[in-house]
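One structure is given below, encoded as C-alpha cells.
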2 protein chains.
Amino acid sequence: MPVVTLAGVLTVSTVNVNGLRAAAKKGFVEWLAATRADVICLQETRAEPEQLAPEVLEPAGWHTVLAPSSAKGRAGVAIYSRAEPEAVRIGFGSAEFDESGRYAEIDLPGLVVASLYLPSGDVGTPRQDEKERFMKEFRAYLEDLRGRAAAAGREVLVCGDWNIAHQQIDLKNWKSNQKEAGFLPEERAWLTEIFESGYEDVVRNLHPEGPGPYSWWSYRGKAFDNDSGWRIDYLVSSPDLASRCTDAYVERAESYDQRWSDHAPVTAVFDR
Amino acid sequence: MPVVTLAGVLTVSTVNVNGLRAAAKKGFVEWLAATRADVICLQETRAEPEQLAPEVLEPAGWHTVLAPSSAKGRAGVAIYSRAEPEAVRIGFGSAEFDESGRYAEIDLPGLVVASLYLPSGDVGTPRQDEKERFMKEFRAYLEDLRGRAAAAGREVLVCGDWNIAHQQIDLKNWKSNQKEAGFLPEERAWLTEIFESGYEDVVRNLHPEGPGPYSWWSYRGKAFDNDSGWRIDYLVSSPDLASRCTDAYVERAESYDQRWSDHAPVTAVFDR
DNA sequence: CATGTGAAG
DNA sequence: CTTCGCATG
C-alpha cells in the first residue's frame, strides 16, 4: 500500500466534479496528488476516456474505472482506487440507465464501493419523471446488493451525488425549497426508507447536529460565499462498516476561486 | 459635428466584430470611444438589441441602427453614425435575406452608406448555395442602388465583410485556397464584375500593391502571428466618392491579445 | 453561473 | 480557435 495513505484505515472520498476536464484545469489534479484517500468516487465526469489528459485518466498509483454516458458530455461516473479492484461492474441492471453514466461499482477485499450519480430532476419536466424512475429501480437494486454483498462477505459503501437533501438541516433554505427538485417530500421519504432499511449516512452519523455540512453550493448568485448550500452528496454504507467510521467531513474550499467544482469532496475514514 | 471628428472630411470604418457582446468586453468599447470615424459599419453583431449593454446599444454621440438576424445569435449588421440618418432601410428587397441580418443602409446628406455581411459559404454544403443566391440577388440590387442614389444626388458606399478575396494579393495562401469558399473563381469573377461596373474598391485604389492589407486572420493556428490573412472586408463606392478618398487603411491590432475580433477595422477618409 | 455540445465562422 | 444557442445542472 502506498506510503501516503494511512495504515490501518480505509479512506474514501466522493465528489461531483462538474466536468472532469474543467476540474482538472482548475485544481482537481493537485487535489488528487495531495489526498490520502484510498478510494475516490467521481460523478459528472462528462467526458469520454479519450478526452482526458493522461494525469487524469491514468494517474500514477491509481486504478481507474470510467463509466461515461452514451450521451456525450452528460453525466458519467468514475472510481479511482489505489488497490486493484477484484471486479468492476458498470450500471445496476437497468435497461434505461445502464448506459447513462450514473452508476459503477468495484469489489475490494471485503467491500463493494459504488459511485452513484442520481438524476437531478426538475419539477414539471420529464427530468423529474426520469429521476423518479431511477429512484424506484435503484431502491430495488440496493436491497439486492445488500444480500449479495453479505453473502460474499462484503460490506457496501454507495458514494455519490444523490441529488436529494434529506432533512431540513441538510440545506440552508429549506423553507423556500419544499417544492423544488432535491427537497420534495417524496424524495426525502425515499431517502428515509433507505436509511431505515439498514443503510447508514456515515457523515450524519458522526455529525448529528446540523446545519450541514453542505457539499454543494450553486454557482448562481453568492451561494458559496453565503454558505447557502445543500448536503446532497452522501456515503451510504452497510451497518458494520458504518460502525467503523472514525471521521467524516466535507473538504470545503477556502474561497470561491479555489474551487474546482460546485461540489466539495466528502470524505470518510474507516477502521480496517 | 462633434469635435473629435476631422473637419472637412468624412471618415468611415467597417469591421466584422464576430459577436458584439464578446467584442464589447474585449476592447470594442474603447476602440469606439477613441475612433474619429463619422460612420461605422458592423457585421456579425450576433445579438438582439436587448442583449446589448447601453454603452454599445446607445453610445453617447452616436445614432445606431441594428439589423439583427431572425435566427438568434447569427449574423446581424449595424451602422453607427454621428449624424442622424435621413432614412434607414433594412434588407435589400429580398424575400430570402431581408430578415437574415446581412444588410442595412442609411441615407446621409449626399450619401448612402450600407453595412453588408455576405454569407461565408462552405464548398459542398448548402451554405455555398446560399452564398450564391445572395450574390446573384445582391448584384442586381447594387445596379438598382446606383441608379436610385444618383437620381437622388447621393454617392454610394457599401461597407462590409464581402467574404471574398478578389485577387491573389488579397490573401496570403492563395494557391492552397483556390477551391475554398472565399477564393473560388466564380466568386472572384463576381467581384470583378462589380468593380468593372463602376463600383470601386477604395482601399485597393490607394494601395495598388499587395500583399494585403489583410483584414481577417483565422483564430485557428497561428494565422494572426504569421500574418496569414485575407482581405475580405471592403469599402465599395461610387466613382466620384472614390476619387475623393484621401486615406485608407486597416487597423491591425499590435498583438494577438489586443484583438477584439478575428477581423480588423478597415477605415477610409474622404474629402467632403 | 458554469460545463459540455453543435452550428457556424 | 472562437462565438453563440441550447440542454443540463
Side-chain angles (χ1 to χ4, degrees), chain A residues 16-26 28 43-48 51-52 68-69 71-76 100-102 117-123 125-128 130-131 161 163 180-182 216-225 228 230 232-233 256-257 259-263, chain B residues 16-26 28 43-48 51-52 68-69 71-76 100-102 117-123 125-128 130-131 161 163 180-182 216-225 228 230 232-233 256-257 259-263:
Chain A
N16 176 317
V17 295
N18 190 26
L20 187 47
R21 282 169 285 179
K25 288 179 190 158
K26 296 198 288 180
F28 168 75
Q43 300 85 40
E44 273 206 276
T45 51
R46 302 177 67 171
E48 318 277 308
Q51 298 174 311
L52 293 171
S69 168
K72 281 187 71 178
R74 301 276 169 78
S100 70
R102 294 191 178 271
Y117 177 43
L118 205 133
S120 160
D122 188 4
V123 174
T125 77
R127 301 269 137 227
Q128 193 64 26
E130 181 195 19
K131 185 176 190 174
D161 180 354
N163 261 318
E180 297 294 326
W216 173 74
W217 303 262
S218 169
Y219 275 129
R220 296 168 221 190
K222 298 181 177 60
F224 185 83
D225 290 335
S228 179
W230 295 51
I232 56 180
D233 301 281
Y256 185 96
D257 48 275
R259 296 201 291 170
W260 38 268
S261 170
D262 48 350
H263 295 246
Chain B
N16 177 319
V17 294
N18 189 27
L20 187 46
R21 282 169 285 178
K25 289 180 191 160
K26 297 198 286 182
F28 168 75
Q43 300 85 39
E44 272 207 274
T45 51
R46 302 178 67 174
E48 318 277 308
Q51 299 174 309
L52 293 171
S69 168
K72 280 187 72 178
R74 302 277 169 76
S100 69
R102 295 191 176 271
Y117 177 44
L118 205 133
S120 161
D122 188 4
V123 173
T125 77
R127 301 266 140 229
Q128 192 64 25
E130 179 195 21
K131 184 176 191 175
D161 179 354
N163 262 318
E180 298 293 326
W216 173 74
W217 303 263
S218 170
Y219 275 130
R220 295 166 221 188
K222 298 179 177 61
F224 185 82
D225 290 334
S228 178
W230 295 50
I232 56 181
D233 301 281
Y256 185 96
D257 48 275
R259 297 202 291 171
W260 39 268
S261 170
D262 48 350
H263 295 247

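Every chain is numbered from 1, with letters handed out A, B, ... down the list of sequences. Note: hydrogens, waters and symmetry copies are ignored here, and every other heavy atom, side chains too, is used.
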Item checked: C:dT3 phosphate, OP1 or OP2, under 4.0 Å from A:Gln43 side-chain N/O -> no

Next item on the list: Report yes or no: does A:Lys131 contribute a side-chain atom to a donor-acceptor pair with the main-chain N or O of A:Ala181 at less than 3.5 Å?
Entry: no

Margin query: Do B:Leu118 and B:Arg102 make a side-chain contact, defined as non-hydrogen atoms from C-beta onward lying under 4.5 Å apart?
Written below: no

Next item on the list: Please determine, for the side chain of A:Arg220, which listed nucleotide (D:dG9, C:dA2, C:dG6) has the closest atom?
Entry: D:dG9

Margin query: Can you measure A:Phe224 atom CZ to D:dG9 atom P for me and round it to whole angstrom units?
Written below: 23 Å

Margin query: With a 3.5 Å distance limit and no angle check, can you tell me whether B:Arg74 reaches the backbone of B:Ser100 through a side-chain donor-acceptor pair?
Written below: no

Margin query: Of the listed nucleotides (D:dT2, C:dG6, C:dG4), which one gets closest to any side-chain atom of B:Tyr256?
Written below: D:dT2

Margin query: Please report the distance, rounded to the nearest Å, between CH2 in A:Trp217 and P in C:dC1.
Written below: 18 Å

Next item on the list: Check the distance between D:dG9's P and A:Asp161's CG and give it to me in whole angstrom.
Entry: 10 Å

Next item on the list: Could you work out which one of C:dT5, C:dG9, C:dC1 sits closest to the side chain of B:Ser120?
Entry: C:dG9

Margin query: Does C:dC1 have its OP1 or OP2 closer than 4.0 Å to a side-chain nitrogen or oxygen of A:Lys222?
Written below: no

Next item on the list: Rounded to the nearest angstrom, tell me the gap between atom NZ in A:Lys26 and atom C1' in C:dA2.
Entry: 7 Å

Next item on the list: Could you tell me whether B:Gln51 contacts a base, only the sugar-phosphate backbone, or nothing, with contacts defined as non-hydrogen atoms closer than 4.0 Å?
Entry: sugar-phosphate

Next item on the list: Please round to the nearest 0.5 Å and tell me the distance separating atom NZ of A:Lys26 and atom OG of A:Ser261.
Entry: 7.5 Å

Notebook entry, point to check: Starting at the 5' end of DNA chain C, which residue's closest nucleotide do you reach first, A:Ser218 or A:Leu20?
Noted result: A:Ser218

Check: Given atom CH2 of B:Trp260 and atom C1' of D:dT3, what is their separation to the nearest angstrom?
Finding: 15 Å

Next item on the list: May I have the distance from A:Leu118 (atom CG) to D:dG9 (atom P), rounded to whole angstrom?
Entry: 11 Å

Notebook entry, point to check: Can you check whether B:Lys25 has a side-chain N or O nearer than 4.0 Å to OP1 or OP2 of D:dT3?
Noted result: no

Notebook entry, point to check: A:Ala23 or A:Tyr219: which one's nearest nucleotide on DNA chain C is closer to the 5' end?
Noted result: A:Tyr219

Item checked: Nucleotide of C:dT3, D:dC4, D:dC1 approaching A:Asn18 most closely (side-chain heavy atoms) -> C:dT3

Check: Quick one: does A:Ser120's side chain get under 4.5 Å of A:Arg127's, heavy atoms only?
Finding: no

Item checked: With A:Asp262, the side chain to side chain donor-acceptor pair (under 3.5 Å) member among A:Trp216, A:Trp217, A:Tyr219 -> A:Trp216

Next item on the list: Examine the base of D:dT8 for any acceptor or donor lying under 3.5 Å from a partner atom in the side chain of A:Arg74, and report the outcome as yes or no.
Entry: no

Checklist line | B:Asp257 CG to D:dT2 P, straight-line distance once rounded to whole Å | finding: 11 Å

Item checked: OP1 or OP2 of D:dT8 under 4.0 Å from side-chain N/O of A:Arg127 -> yes

Item checked: Sugar-phosphate only, base, or nothing, as touched by B:Glu48 at under 4.0 Å among non-hydrogen atoms -> nothing

Next item on the list: Rounded off to whole Å, could you give me the CD-to-C1' distance for the B:Glu130 and C:dA8 pair?
Entry: 11 Å

Notebook entry, point to check: When you measure from the side chain of A:Tyr117, which nucleotide among D:dG9, C:dG9, C:dT5 comes out closest?
Noted result: D:dG9

Notebook entry, point to check: For the side chain of A:Arg46 and the base of D:dG9, is some donor closer than 3.5 Å to an acceptor across the two?
Noted result: no

Next item on the list: Would you indicate, yes or no, if C:dT5 has its OP1 or OP2 atom less than 4.0 angstrom from a side-chain nitrogen or oxygen of A:Arg21?
Entry: yes

